[in-house]
Amino acid sequence: MAEQIINVDFESEMGQSYVDYAMSVITDRALPDVRDGLKPVQRKILYAINQLTHSNTPHRKCARIVGDTMGKYHPHGDSSIYEGLVNLAQDWKLIHPLIDSHGNFGSIDGDGAAAMRYTEARISEYAEEVCMKDLGYFKDQFVPNFDNTEMEPTILPFQIPNILVSGAKGIAVGMATNIPTHNLGEIIDSFILYMKNEKISLDELLTVMQGPDFATGGIINASKDDLREIYATGKGRIKVRGKIEVKDIGYGRKSICVTEIPHTMIGSTADFLDKVAELARNRELPAVVDIADRGDKSGECLCIDVKKGTSDEEIENMINILYKKTGLEDTFGVNMNCICDGEPVVMGLIDIYREYYQFKKEIYETKYRKLLEKQSEVREIKEGLIEAVDMIDLIIEIIRGSKKKADTKACFMYGDTSNIKFQYKGSEADARQLHFTERQADAILTMQLQQLIGLEILNLKKEFEEADKLVRQYTNLLESPSAMKKKMIEDLMAIRKKFAVPRQSVIRNCGEVVIQKEKETETEVGVLLDRFYYIKVVDGGVYDKNIEQITKDYRFAVKCQSRIFSDDGNMYTIKIPDIIRNQAKRNPSTKKKDFGGGVIGRLADKGIQIFDFCNMERNANLLYMDCPEQSASETILFVDKTGKAKQVPVSAFDTKNKCISACSTDTLFITGTGENCSDLVAKSHDGYFIRVSVSDIPMKGKGAAGNKLIKLQDGDYLEYVWTGNVQDSFELDGKEIKFTRVKPSRMSAKGVKMRL
């Protein structure tokens, strides 16, 4: 047979294949079904464990459970199955775990579970009662597994909206889901309200169902409007924060105790403690004296002890810092994305209730239809047995007069006496009146003689009455929607009574966290920068007392917050508290004077390199430093190597940013212009000098190019620039030269060569 070549467009084929793959991941892996709230792997795990265990039987090895799940229903690797099993068993993730664990299943601190060969599990009583109890009624809705050797359920008959109670989290291709857990009692109460009135408003439901409820407890910092938006659209953001108590630990000291962590901190409590320690080292939490995890000792999770004498206001501000900077308050993004009719849909609360209610009605109709069939059969059989007992002599005579079982059944069912030999006259006529059903005939043939005892006959009649009562009850449920609804509500209330627990999380609109900035002591200081780019802050008195030495030994020295210009084209704003906090780390033994959360150093201290805390490149050359608060300059003068110059208003550099672009990378010289800056002298590499009046240099914006200061020859460039008054001098090659030695010129002149 000749092979046929089919031409296929590569782009369209790849596109369609990727869409098919994405939909497979979405529907068969990552997103839960709105009806039972389970992902496929979770459904298969629960079905497999239900076949192996019950809630009152011994636990089974997780390796066996994982093996059965993988071998029969989910051939995608044991690690993903075991991870799913562990998640269903951890009571800090689920208020009502679906699996009862035995062994090391990890911890809330982020410790992983032990290997599956060491741990054991069984189905939890909650899952057995709420999910698995009625599974037997749905065997005809099972489908073949991946290799057609087993049957597995396509859905599990959860009696409650499990997608809200257990929540869900998953990442698919191009979409994700993140559904928070909710309180079982609130979900049942609000769902019953919906059942009674399917046109109920969302606001009425939210009076009963307050919002998410996490197993870790904590506080949900959200307003009613925020929650309403989430449950109306299925999307939104809420803030979750830990619950804190301030406790007296004796000796006048107090401890900030995190008694409940937010859901988002599961697995990262150690990171929280590290962040608190870092804040304490940086003196943002200067009152902290000890940090500990005392969860196993006194019931608290995490404790932060503060020093004696710390005021309530300071403690309150410390708590706000913890919320703001340590992850103790975090954002939980709600995305109620789930599978509905085989497609991913983001659903609000009423949408979820509507779809689940339709599913619940299907569950009950299927269940009671099966029960009706079973009890109808029981009633039919009991009715036949009672009738047979009433004519037991005729029954025995027919059986004794038959040669084959088929002849007996034919007589019982149709009154066919042609193959029956009767002992008494008149019996044949009575036999022709028999009209038992096939089930009744089979039951009569298997009836034991002990059922002819009087008490047994009474039991038969009692069993018939019970079956008849159940048949009428089930028929009424199936024919009366109101009766069925009433039965659903009764069953839901029974589940609520047995399994509902008080709400774990508190919902409170706490607003935004406000941190009170520490009041900094007003102290006069000096900022010193030496030629090796080490910077430090010293006391203002020390600065004034040693001004001559400072002027000699340091490249720049000012007495306030500094602006530093470098030849990388940037201006860096250096705040004094930043220097102080960083030099406190470098010189911990220095005699300390509190200031802005740090210390003021001594003149003999080495200081810290400026590159270590302002993100400046280490090969940058510092051109100018000034003090914007005390500067007498109205403009800043820029001269670059290409011979261009400009003046820029000081106000152009007023910024709160730590780093801004200020000049070109060719800039050679920067200085402030003031009373002592009337003239500028520049020298080129080829030896040309020029002196111009600073007032002739034009005013420009900080991003504009300068005007030509000197006309340079090809290959020549400016090498030195000096500013000062006419009577001043400058130093070059060890010689002092007066400004007046250089003839004054106009801008863009060629300049003159001088013999020094």
Side-chain angles (χ1 to χ4, degrees), residues 556 558 563-571 621-628 630-654 660-733 735-756:
F556 298 108
V558 296
R563 291 187 300 215
I564 296 178
F565 295 81
S566 70
D567 64 356
D568 61 5
N570 295 324
M571 183 199 79
N621 180 35
L622 304 189
L623 300 177
Y624 178 63
M625 183 170 95
D626 78 341
C627 178
Q630 298 179 356
S631 176
S633 303
E634 295 182 356
T635 65
I636 296 180
L637 174 64
F638 294 83
V639 182
D640 65 29
K641 295 177 182 178
T642 65
K644 294 180 179 179
K646 67 176 181 179
Q647 295 189 73
V648 180
V650 170
S651 59
F653 301 101
D654 292 340
I660 64 169
S661 178
C663 57
S664 73
T665 55
D666 285 330
T667 300
L668 169 69
F669 179 82
I670 304 175
T671 190
T673 60
E675 295 179 357
N676 298 322
C677 184
S678 63
D679 284 39
L680 176 147
V681 175
K683 173 189 176 293
S684 75
H685 178 71
D686 290 344
Y688 287 91
F689 288 79
I690 190 171
R691 175 162 66 101
V692 300
S693 174
V694 171
S695 60
D696 291 341
I697 300 174
M699 199 72 64
K700 298 275 188 175
K702 71 173 188 283
N707 284 23
K708 187 176 291 187
L709 172 68
I710 183 173
K711 189 175 181 180
L712 298 173
Q713 302 294 323
D714 291 342
D716 196 7
Y717 58 89
L718 285 190
E719 197 172 32
Y720 297 103
V721 179
W722 301 272
T723 57
N725 286 325
V726 177
Q727 64 271 24
D728 290 338
S729 59
F730 59 90
E731 185 176 334
L732 181 63
D733 297 335
K735 298 180 180 179
E736 185 176 351
I737 304 170
K738 293 287 187 179
F739 271 47
T740 53
R741 286 277 309 275
V742 183
K743 182 180 178 182
S745 304
R746 55 180 175 78
M747 290 280 292
S748 75
K750 182 178 179 181
V752 296
K753 281 199 171 187
M754 293 175 50
R755 181 177 296 177
L756 300 180

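Everything quoted here is computed from the prediction, not taken from an experiment.
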Original post:
Does Arg691 reach the main-chain N or O of Leu680 with its side chain, forming a donor-acceptor pair under 3.5 Å?
Top reply: no

**OP:** Look only at the side chain of Thr673 and the backbone of Thr635, and say whether a donor-acceptor pair between them is shorter than 3.5 Å.
**Re:** yes

Subject >> side-chain hydrogen bond (donor to acceptor under 3.5 Å, both in side chains) between Asp686 and Ser684, worked out >> reply: CA-CA 5 Å; Asp686 290 344; Ser684 75; 5.5 Å; no

**OP:** Only pairs at least two apart or in different chains count here, so list each salt bridge (Lys or Arg N to Asp or Glu O under 4.0 Å) that has a residue in residues 743-752.
**Re:** none

Subject >> Non-hydrogen side-chain atoms of Thr740 and Val726 separated by less than 4.5 Å >> reply: yes

Original post:
Would you call the rings of Trp722 and Phe689 parallel, tilted or perpendicular, where under 30° means parallel and over 60° means perpendicular?
Top reply: parallel

Original post:
Just wondering, do Lys702 and Pro649 contact through their side chains at under 4.5 Å, heavy atoms?
Top reply: no

**OP:** Begin from the C-alpha positions of Asp666 and Ser664 and carry the test side-chain hydrogen bond (donor to acceptor under 3.5 Å, both in side chains) through to its verdict.
**Re:** CA-CA 5 Å; Asp666 285 330; Ser664 73; 5.0 Å; no

Original post:
Who pairs with Phe739 by ring-ring contact (aromatic ring centres under 6.0 Å, His included), at least two apart in sequence or on another chain?
Top reply: Phe730

Subject >> Closest non-hydrogen atom pair between Val639 and Ala645, with its separation >> reply: CG2-CB, 4.0 Å

**OP:** Flag this pair as yes if the NZ/CZ of Lys641 is under 6.0 angstrom from the six-membered ring centre of Tyr717 and inside a 45 degree cone about the axis; otherwise no.
**Re:** no

Original post:
Is there a side-chain contact between Glu731 and Ile737, using heavy atoms and a 4.5 Å cut-off?
Top reply: no

Subject >> Leu718 and Ile710, any side-chain heavy atoms less than 4.5 Å apart >> reply: yes

Subject >> Smallest separation among heavy atoms of Met571 and Ala662, with atom names >> reply: CB-CB, 3.7 Å

Subject >> Minimum heavy-atom distance Gly569-Thr665, with the two atoms named >> reply: N-CG2, 4.4 Å

Original post:
Shortest non-hydrogen contact from Ser745 to Val692?
Top reply: O-CG1, 3.6 Å

Original post:
How would you list, by chain and number, every residue that makes a side chain to side chain donor-acceptor pair (under 3.5 Å) with Tyr720, sequence neighbours excluded?
Top reply: none

Original post:
Does the gap between the ring centers of Tyr624 and Phe669 come in under 6.0 Å?
Top reply: no

**OP:** Determine whether Thr667 and Asp567 make a side-chain contact, defined as any pair of heavy atoms from C-beta on separated by less than 4.5 Å.
**Re:** no

Original post:
Run the side-chain contact (heavy atoms from CB on, under 4.5 Å) check on Val694 and Ser678 step by step: do they pass?
Top reply: CA-CA 5 Å; Val694 171; Ser678 63; 5.8 Å; no

Subject >> Closest non-hydrogen atom pair between Cys677 and Asn725, with its separation >> reply: N-OD1, 3.9 Å

Original post:
What do the steps show when you test Asp654 against Arg563 for salt bridge (charged side-chain N to carboxylate O under 4.0 Å, His left out), and what is the final call?
Top reply: CA-CA 10 Å; Asp654 292 340; Arg563 291 187 300 215; 3.4 Å; yes

Original post:
Hey, are the side chains of Lys683 and Val681 touching, using non-hydrogen atoms and a 4.5 Å cut-off?
Top reply: no

Original post:
With side chains defined as the heavy atoms from C-beta onward, is the minimum distance between Ile670 and Ile636 less than 4.5 Å?
Top reply: yes

Subject >> Check: Asn707 and Lys644 side chains under 4.5 Å, non-hydrogen atoms >> reply: no

Original post:
Closest heavy-atom contact between Glu736 and Ser729?
Top reply: OE2-OG, 2.6 Å

